[in-house]
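Report on the structure given below.
Fair warning: this is a prediction, and the values are worked out from it, not measured in the lab. Remember, it's 1-based here, ligands and their atoms both numbered in the order they're listed.
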Amino acid sequence: MDGSSLDPDPAAWKPASIQNKLFIGGAWVDGVEGKTIDVLNPHDNSRITTIAAATAPDVDKAVEAAEKAFPAWSSMAAMDRGRLLLRLADRIEKEQAELGRLESLNTGHPFRDTQILDVPRTAVTYRYFGGMADKFEGSVIPVEAGFLNYLEREPVGIVGQIVPWNFPLMFTSWKMAPALAAGNCIVIKPSEITPLSTLRIAELMQEVGIPDGVVNVVPGYGHTAGARIAEHPDIGKIAFTGSTAVGQGIVRASAGNLKKVQLELGGKGANIVFEDASIPAAVGGSAFAIWHNQGQACIAGSRLILHESIADAFMEKFVSLTHSIRLGNPLDPATEMGPLTSRLHQQRVLDYCRAARDEGGEIVTGGETADDPALAKGCYVKPTIVKARPSDRVCQEEVFGPFVSVMTFKDDAEALAIANSTVYGLGSGLWTGNLHRAHKFARAIRAGMIWINSYKRVNPGSPFGGFGMSGYGREMGFEAMREYTHPKSVWVNVDAQIPPYYPR
Ligand code: NAD
């Protein structure tokens with residue numbers, strides 16, 4: 001896919017061509033069972049393309065291709081593997097606008113975000129792990145005299161990766177980059193709803209010289225292709241990002257061959273604003289925390305917890321900012337909020353709006369589809385602010401949409417109790433001018449990531465993952481390299497004098 005038919009109207013952009021086959025062993029193929037899936041544009045539910053859908057026999061073929069590629073890939077000099085990832089990072093940057101538009105077209109994520117966040121972050125992730133490939137060292141352990149004991153880290157082998165639909169470009173890079181740097185071969189399944197950017201990345205991987213079979217892409221449904229990856233006896237590790245319920249199923253399915261499992265699951269981010277916070281900074285940061293990508297983010301600040309003394313002043317500004325957000329076609333560079341990624345998900349979020357009302361919550365704004373008739377065919381939901389109680393469903397369950405539940409607190413103890421009152425523990429933010437309080441809360445909140453006077457910062461060097469029902473294992477940084485390797489301890493008798501155990 002080179003270039004595009006750039007229309008003077010950016011909202012009418014269409015890719016020049018789209019890859020829509022499975023990528024197995026370096027070849028673009030149809031599925032063994034000939035199944036297909038229509039991929040839709042969430043802006044108007046029109047069909048973008050029809051892709052080949054992988055089922056179990058395709059996953060088996062992909063695993064065979066990965067096994068064939070593994071000996072050469074894992075024994076290649078780490079610096080050379082790294083160089084290929086660095087080349088890929090450069091190639092992605094060269095195609096920033098095209099990739100950004102493709103991601104926006106398929107996911108509904110506004111182009112201004114895919115352009116300045118998703119694509120650059122994807123490139124930076126491949127670059128970070130390209131640089132990491134030859135810097136991830138083992139160690140020498142001081143043991144008894146006469147022995148040398150060293151620890152090497154070996155690639156796991158064939159890894160299965162399953163990703164959701166909310167940030168496909170970024171999430172596939174978070175999974176593939178460390179796995180490849182560590183010398184693994186991959187079978188990856190993007191979401192059936194948003195497979196297009198992953199297929200494009202596979203084309204770019206082939207172009208920069210990543211050998212055939214090292215990465216295999218099998219888009220398909222979860223209950224077929226995904227389930228086969230989870231249970232496959234020759235896959236040594238599974239990295240899954242998605243819902244908690246499916247994650248639990250993955251753990252069960254992995255038991256057959258005791259795969260390593262890494263889970264990035266749901267969240268219900270607490271975002272606490274104390275009375276001593278900078279209100280303008282907290283309003284802007286809290287808006288980004290929830291409205292970015294229509295709230296379809298596992299780390300979204302979906303529970304806004306305000307000190308009662310500043311709640312009114314905060315809400316006045318927050319509601320006014322929310323009313324000013326421009327909903328529209330994600331390809332339009334002026335759009336600040338696009339549609340939800342699918343019709344089914346739009347219905348799910350609207351159901352939560354009804355549940356909030358039924359439970360006695362006060363819908364401050366939103367709670368319905370967009371007014372603009374030009375958006376009527378799409379999966380739009382207005383940004384929704386609801387005043388609710390900590391025990392309400394909408395304060396406990398993940399809505400995963402442009403929906404924020406607002407609660408108030410009297411003192412620090414109550415703020416902490418609310419923050420820790422869900423089964424999740426992924427991302428949390430707090431806004432305060434008090435350093436002591438900031439660090440105290442950073443320790444006390446049960447979550448894998450805490451942002452102080454900011455929200456939703458990510459970087460390939462900084463571990464990403466959660467506690468509790470948000471899963472286990474970490475993406476990014478050295479932690480990710482550990483996740484994609486097995487430690488091996490090697491003992492060498494250099495000149496140890498060992499008394500005989502059975503003296504004869
Ligand atoms: P989902 O669990 O329905 O699907 C995720 C992926 O799993 C998809 O590729 C899907 O096809 C596949 N899948 C579905 N059933 C499967 C099965 N039985 N076996 C194997 N694979 C299966 O989630 P979703 O609706 O695509 O994404 C939204 C969820 O993802 C939310 O709960 C959100 O919090 C979570 N999420 C978590 C993170 C994180 O890093 N913690 C990031 C983004 C999204």
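When only interatomic distances are considered, the shortest N/O to N/O separation between C298 and ligand 1 does not fall below 3.5 Å. Between E398 and ligand 1, an N or O atom pair is found at a separation short of 3.5 Å. Between P164 and ligand 1, a contact under 3.5 Å exists for no N or O pair. Of the polar atoms of W165, at least one N or O is found under 3.5 Å from an N or O of ligand 1, judged by distance alone. Between E192 and ligand 1, at least one pair of N/O atoms sits closer than 3.5 Å. Checked against a 3.5 angstrom limit, the closest N/O atoms of T241 and ligand 1 fall outside it. Considering backbone and side-chain atoms alike, K189 places an N or O below 3.5 Å from some N or O of ligand 1.
Within ligand 1, counting atoms from 1 as listed, the ones closer than 4.0 Å to a heavy atom of I250 are 20 (C). The ligand atoms of ligand 1 that sit less than 4.0 angstrom from a heavy atom of N166 are 43 (C), 44 (C). The atoms of ligand 1 that sit less than 4.0 Å from any heavy atom of L426 are 41 (N). The atoms of ligand 1 that sit less than 4.0 Å from any heavy atom of S191 are 9 (O). In the vicinity of A227, heavy-atom distances shorter than 4.0 Å reach the ligand 1 atoms 19 (N), 20 (C).
The side-chain tip of R101 points at the ring of F111 from less than 6.0 angstrom away and within 45° of straight on.
Of the protein's heavy atoms, S243 OG, 3.9 Å lies nearest to atom 3 (O) of ligand 1. Residue, atom and distance of the protein heavy atom nearest to atom 28 (C) of ligand 1 are F400 CE2, 3.6 Å. The protein heavy-atom contact nearest to atom 12 (C) of ligand 1 is I162 CG2, 3.6 Å. Ranking protein heavy atoms by distance to atom 9 (O) of ligand 1, first place goes to V163 O, 2.7 Å. Of the protein's non-hydrogen atoms, L265 O, 2.9 Å is the one closest to atom 37 (C) of ligand 1. The protein atom (non-hydrogen) at minimum distance from atom 17 (C) of ligand 1 is G222 O, 3.4 Å. The nearest protein atom to atom 20 (C) of ligand 1, hydrogens excluded, is given as G226 C, 3.2 Å; this is a heavy-atom distance. Given atom 35 (C) of ligand 1, the protein heavy atom at minimum distance is G242 O, 3.1 Å.
A donor-acceptor pair shorter than 3.5 Å can be found between the side chains of T341 and Q296.
Salt-bridge annotation for K237 and E483: present, with a side-chain N of the basic residue lying under 4.0 Å from a carboxylate O of the acidic one. Checked for salt-bridge contact, R127 and E93 meet the test: a charged N lies under 4.0 Å from a carboxylate O.
Contact annotation: F171 has at least one heavy atom less than 4.0 Å from an atom of ligand 1.
Residue pairs meeting the salt bridge (charged side-chain N to carboxylate O under 4.0 Å, His left out) criterion with at least one member in residues 43-65, sequence neighbours excluded: D60-R228.
Of the options Q294, Q346, E368, H43, a side-chain hydrogen bond (donor to acceptor under 3.5 Å, both in side chains) to Y380 is made by H43 and by none of the others.
F318 and W291 have parallel rings, their planes meeting at less than 30° on a 0 to 90° scale where 60° marks the start of perpendicular. Ring planes of Y221 and H223: parallel class, angle under 30° (limits at 30 and 60°).
The salt bridge (Lys or Arg N to Asp or Glu O under 4.0 Å) test applied to R354 returns D351, not counting sequence neighbours.
Within 6.0 Å of CZ in R482 there are more than 12 heavy atoms belonging to other residues, nucleotides or ligands. In the displayed structure, K260 atom NZ is contacted under 6.0 Å by more than 12 heavy atoms of other residues, nucleotides or ligands.
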side-chain hydrogen bond (donor to acceptor under 3.5 Å, both in side chains) for N271 and S286? Distances and angles first, verdict last. CA-CA 7 Å; N271 183 29; S286 303; 2.9 Å; yes
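Within a 4.0 Å radius of atom 41 (N) of ligand 1, the protein contributes at least one heavy atom.
For H292 and Y455, the ring centers are positioned 6.0 Å apart or more.
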